[in-house]
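Bear in mind that the values here come from a model prediction, so they are computed numbers and not experimental data. The sequence lines fix the lettering, A, B, ..., with proteins before strands; numbering per chain opens at 1. Below, each value reflects all heavy atoms present in this structure, side chains not excepted, and no hydrogens, waters or symmetry copies.
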Amino acid sequence: MFMTQDVKTQLVALIQQALASVAPAASATPILLERPRDAAHGDFATNLAMQLARVLKKNPLDIARQLVNELPVSALVRKAEVAGAGFINFTLDSAAKTAAIAGVLALGADFGRLVLGGGQKIQIEFVSANPTGPLHVGHGRGAAYGASLANLLAFAGWEVTREFYVNDAGRQMDILALSTWLRYLELNGVVVAFPPNAYQGAYVRDMAGQMAAAHGGKYFRSAEAVESGLPGLPDADRSDDEAKNQREAHLDALIVRAKALLGPDWSYMHQHALSEQLADCRDDLESFGVRFDVWFSEQALFDTGLVARAVDLLEKNGHLYVQNGAKWFKSTAFGDEKDRVVQRENGLYTYFASDIAYHLNKYERGFDKIINIWGADHHGYIPRVKGALTALGLDAEKLQVALVQFAVLYRNGQKAPMSTRSGEFVTLRELRGEVGNDACRFFYALRKSDQHLDFDLDLAKSQTNENPVYYIQYAHARVCSVLTQWGGEVSTLARADLGCLDSPRELALANRLAEFPEVIAAAARDLAPHQIAFYLKELAADFHTWYNAERMLVDDPVLRDARLALAAAARQVIANGMGLLGVSCPSSM
RNA sequence: GCGCCCGUAGCUCAUCUGGAUAGAGCAUCGGCCUUCUAAGCCGAGGGUAGGGGGUUCGAGUCCCUCCGGGCGCGCCA
């Protein structure tokens with residue numbers, strides 16, 4: 001019997017012996033084994049001879065033949081042959097392939113678990129949406145990617161902290177609080193023109209309604225008090241820069257007025273809107289199978305003085321200068337396109353300043369690696385953040401930014417609007433409700449994160465039964481059904497005699513199971529959970545093919561148990577992989 | 001204008017850090033349910049990998065250039 005995990009490394013060891021004998025000088029050449037797509041090319045293949053051709057200045061075919069000749073005899077390898085331009089193809093002994101089945105059944109939910117991360121602490125910050133409205137499908141993509149990636153890295157041996165950065169300190173929150181108050185006034189019959197650049201969504205009215213129900217007219221003020229003396233609004237149909245500036249100025253003046261009129265009640269308004277939206281956001285994400293260990297408040301960075309400390313530190317290190325009354329960080333010294341303001345002329349810190357403080361805090365918490373998952377529109381932001389870290393004397397290499405490309409929605413073949421403020425967007429909650437959580441998570445997982453995503457709503461909604469997620473879940477359900485009809489104790493299958501499994505379909509499926517840890521390793525290395533999704537599709541395909549070709553519940557108990565063991569192992573790997581992607585595996589469909 | 005990302009079958013996407021004849025799903029066409037779930041299986045057609053050049057044993061993958069699309073270039077967040 002072969003140790004499951006070791007088949008590949010044992011094969012590498014054999015090749016290394018051959019290499020040491022053929023080309024002692026090049027014995028350190030790394031040996032890469034790949035699983036050929038074409039079954040005719042065996043179970044493993046190496047391009048070692050082609051790699052050596054360059055160094056040894058010899059014909060790769062000759063090198064390959066020598067390597068095969070020098071390969072030590074082993075029960076592991078049934079056949080090693082030279083093919084193509086110099087590949088060496090290995091066909092394993094059946095027992096070496098079916099060994100994976102026993103391995104899966106012995107390890108269960110831990111099959112595929114790795115120690116790549118060596119228990120290092122890694123922080124993944126994702127979603128971090130402004131709590132100013134419902135999450136939309138773009139956030140959904142970041143959420144699905146981040147959650148799957150976090151699960152994946154934890155499975156691969158890192159100690160993962162999942163974190164959501166709450167932007168609770170900026171102007172956007174003020175605008176939300178103002179929007180809520182204006183809707184509240186509206187409910188009390190006070191007619192104030194609702195600014196076009198305030199938050200228009202129905203959820204704002206909902207919050208206002210709750211507030212009116214709970215506090216009656218406590219925050220009532222007259223329209224005259226609210227509006228008198230404010231700068232006017234331009235015509236609604238104007239979209240030039242001047243008009244835009246006028247609208248922003250009007251909005252800011254309204255905020256100032258609201259703060260003056262409400263006094264201490266303003267912060268209640270602010271807090272209420274924040275906690276409502278945050279609770280909604282958390283609920284939405286949890287229903288989506290996305291959980292966070294830490295909800296980190298931007299405001300706390302100011303309250304604890306960390307923002308000031310971070311800026312002071314930059315100043316002390318000589319990386320700041322004053323120009324036009326503002327404090328600038330000399331980020332061009334660290335590869336950025338231009339210098340950036342950290343403290344405005346009016347004394348307020350910029351978002352960049354609090355972000356520097358936030359990253360300083362991340363470093364001070366002692367993570368070995370930090371991953372930020374950002375929307376692709378933030379790519380220009382990376383050099384300045386890394387620059388600031390370097391300027392603070394920190395190792396910027398610890399920080400890795402994974403960009404998630406935009407999800408562009410299509411409805412009836414038309415681009416759907418995605419603006420939060422206009423309130424016209426498809427929410428994540430709507431999407432989950434119409435497509436289902438499983439299909440939703442898998443739909444997102446099925447795309448490489450740095451690839452633009454055309455999300456066709458009509459397709460996603462209408463094709464729920466054709467979504468590939470069901471293909472995989474169906475394989476799982478089929479195994480459950482067969483095992484139920486068999487009625488035996490599944491745990492006994494781990495001891496089944498697998499010697500009778502020798503058909504190409506069975507061995508292909510067993511091979512696929514053995515590949516799972518390699519898929520985990522590659523996906524973790526590339527921060528690419530989509531590789532798991534594609535692997536699972538292939539695994540399910542191997543299973544369905546076999547299922548349609550052979551019967552499991554046969555009379556011969558030895559053959560029956562062997563096949564059931566294979567099926568049970570396939571079910572286990574499907575469950576392990578789907579679990580990482582946050583997709584459930586029903587036992588019947 | 002400058003910077004980053006992208007361009008693969010009619011559509012949506014893979015391609016294991018440069019490997020063998022570029023693969024799936026959907027859609028189209030043809031077969032398979034008296035046998036453990038047909039949400040399945042088997043088969044067929046469908047490609048100048050945006051165009052062109054370069055690097056080498058070998059390029060969808062790396063470099064250059066052009067075309068096309070997305071995003072960014074605030075004392076916004």
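- Taking only side-chain nitrogens and oxygens, A/Gln451 comes nearer than 4.0 Å to OP1 or OP2 of B/A14.
- By the stacking rule of 5.5 Å between ring centres and under 30° between planes, A/Phe87 stacks on the base of B/A20.
- Scanning atom types as modelled, one donor and one acceptor separated by under 3.5 angstrom connect the side chain of A/Asn47 and the base of B/G19.
- For A/Arg447, taking side-chain heavy atoms from C-beta onward, the closest of the listed nucleotides B/U12, B/A77, B/C16 is B/U12.
- Between A/Arg340 and A/Asp336 a salt bridge is recorded (basic side-chain N to carboxylate O distance below 4.0 Å).
- A salt bridge does not link A/Asp174 with A/Arg171: none of the charged nitrogens is closer than 4.0 Å to a carboxylate oxygen.
- Listed nucleotides B/C36, B/C16, B/C42 differ in distance to A/Glu34; the shortest reach to its side chain belongs to B/C16.
- Nearest to the side chain of A/Arg525, among B/U17, B/A38, B/C42, sits B/U17.
- Across all strands shown, B/C2 forms a Watson-Crick or G-U wobble pair with B/G72, both key distances being under 3.5 Å.
- Classification of the A/Phe516-A/Phe155 ring pair by plane angle, with boundaries at 30° and 60°, yields tilted.
- Distance from the side chain of A/His378 is smallest for B/A77 among the nucleotides B/A77, B/C41, B/C36.
- A/Asn324 comes within 4.0 angstrom of a nucleotide base, judged by non-hydrogen atoms across all strands.
- The closest side-chain donor-acceptor pair between A/His359 and A/Asn372 falls under 3.5 angstrom.
- What separates CG of A/Asp542 from C1' of B/C41 is a distance of 13 Å, to the nearest Å.
- Counting non-hydrogen atoms under 4.0 angstrom, A/Ala45 reaches a base of the nucleic acid.
- Nucleotides B/C13 and B/A27, compared at atom C1', are 15 Å apart to the nearest Å.
- When the side-chain nitrogen and oxygen atoms of A/Ser481 are compared with OP1 and OP2 of B/U37, one or more of them lie within a distance under 4.0 Å.
- With both ends at atom P, the span from B/A59 to B/G18 equals 14 Å, rounded to whole Å.
- Between the P atom of B/G74 and the CZ atom of A/Phe329 lies a distance of 17 Å, rounded to the nearest Å.
- Under a 3.5 Å cut-off, the side chain of A/Asp438 and the backbone N or O of A/Val583 do not form any donor-acceptor pair.
- Considering only side-chain N and O atoms, A/His544 lies nowhere under 4.0 angstrom from the phosphate OP1 or OP2 of B/A24.
- A tilted orientation is assigned to the rings of A/Phe543 and A/Tyr547, their planes being inclined by 30° to 60°.
- The side chain of A/Glu337 lies closest to B/C73 when the candidates are B/A20, B/U15, B/C73.
- With its glycosidic angle within 90° of 0, B/C33 adopts the syn conformation.
- Between the side-chain ring of A/His379 and the base of B/G72, no stacking contact exists by the 5.5 Å and 30° definition.
- Ring geometry for A/Trp374 against A/His378 counts as tilted: the plane angle lies between 30° and 60°, on a 0 to 90° scale.
- Between A/Lys338 and B/C2 there is no side-chain N or O to OP1 or OP2 distance below 4.0 Å.
- Judged by Watson-Crick or G-U wobble contacts below 3.5 Å, the nucleotide B/U37 has no partner.
- Comparing B/G70 with B/G50, their C1' atoms sit 16 Å apart, to the nearest whole Å.
- Rounded to whole Å, the distance from CG on A/Asn467 to P on B/C13 is 14 Å.
- Residue-level contact check: A/Glu515 touches neither bases nor backbone, having no heavy atom under 4.0 Å from any strand.
- Across B/C64 and B/U55, the matching P atoms stand 15 Å from one another, rounded to whole Å.
- Within the 4.0 Å cut-off from OP1 or OP2 of B/U37, not a single side-chain nitrogen or oxygen of A/Arg551 is found.
- Of all nucleotides present, none satisfies the Watson-Crick or G-U wobble test against B/G45 with each distance under 3.5 Å.
- Across B/G40, B/C36, B/A77, the shortest atom-to-atom separation from the side chain of A/Thr350 is found for B/A77.
- Rounded to the nearest Å, the gap between the C1' atom of B/G19 and that of B/U34 is 50 Å.
- Place A/Ala53 and A/Tyr547 on RNA chain B by their nearest nucleotides, and A/Tyr547 ends up nearer the 5' end.
- Heavy atoms of A/Ala83 sit under 4.0 angstrom from at least one base atom.
- The side chain of A/Tyr474 approaches B/A39 more closely than any other nucleotide in the set B/C75, B/C6, B/A39.
- Atoms OH (A/Tyr381) and P (B/G74) sit 13 Å apart, rounded to a whole Å.
- Taking the charged nitrogens against the carboxylate oxygens, A/Lys386 and A/Glu397 have no contact shorter than 4.0 Å, which rules out a salt bridge.
- Note on ring orientation: taking the six-membered ring where Trp is involved, the planes of A/His319 and A/Phe329 are perpendicular (angle over 60°, cut-offs 30° and 60°).
- For B/G58 and B/C67, the P atoms lie 30 Å apart once the distance is rounded to whole Å.
- To the nearest whole angstrom, the two P atoms, one in B/U61 and one in B/A9, are 15 Å apart.
- Here A/Ser587 lies in heavy-atom contact (under 4.0 Å) with a base.
- Annotation: of the two residues near RNA chain B, A/Leu403 and A/Met552, the 5′-most nearest-nucleotide partner is A/Leu403.
- Taking atom OH of residue A/Tyr349 and atom P of nucleotide B/G74, one finds them 23 Å apart after rounding to whole Å.
- Between A/Gln485 and B/U37 there is a side-chain N or O to OP1 or OP2 distance below 4.0 Å.
- Remark: the separation of the C1' atoms in B/A49 and B/A22 is 8 Å, to the nearest Å.
- Atom CZ in A/Arg384 sits roughly 12 Å away from atom C1' in B/G3 (whole-Å rounding).
- Phosphate contact (OP1/OP2 of B/A24, side-chain N/O of A/Arg37, threshold under 4.0 Å): absent.
- If you check B/G7 for Watson-Crick or wobble pairing at under 3.5 angstrom, you find it paired to B/C67.
- Here B/C13 is the nucleotide among B/G19, B/C13, B/A77 with the atom lying nearest to any side-chain atom of A/Phe534.
- Side chain to side chain, A/Asp303 and A/Gln299 meet the donor-acceptor criterion of an N or O pair below 3.5 Å.
- Nucleic acid contact class of A/Asp450 (heavy atoms, under 4.0 Å, all strands): sugar-phosphate only.
- When the C1' atom of B/C16 is taken as reference, atom CG of A/Asp526 falls 8 Å away, rounded to whole Å.
- If you measure from atom OH of A/Tyr535 to atom P of B/C16, you get 18 Å, rounded to the nearest angstrom.
- Among the nucleotides B/U17, B/A77, B/A14, the one closest to the side chain of A/Lys448 is B/A14.
- The base-pairing partner of B/U56, taking Watson-Crick or G-U wobble contacts with both distances under 3.5 Å, does not exist among the strands shown.
- Nearest nucleotide to the A/Glu345 side chain, out of B/U37, B/C41, B/C75: B/C75.
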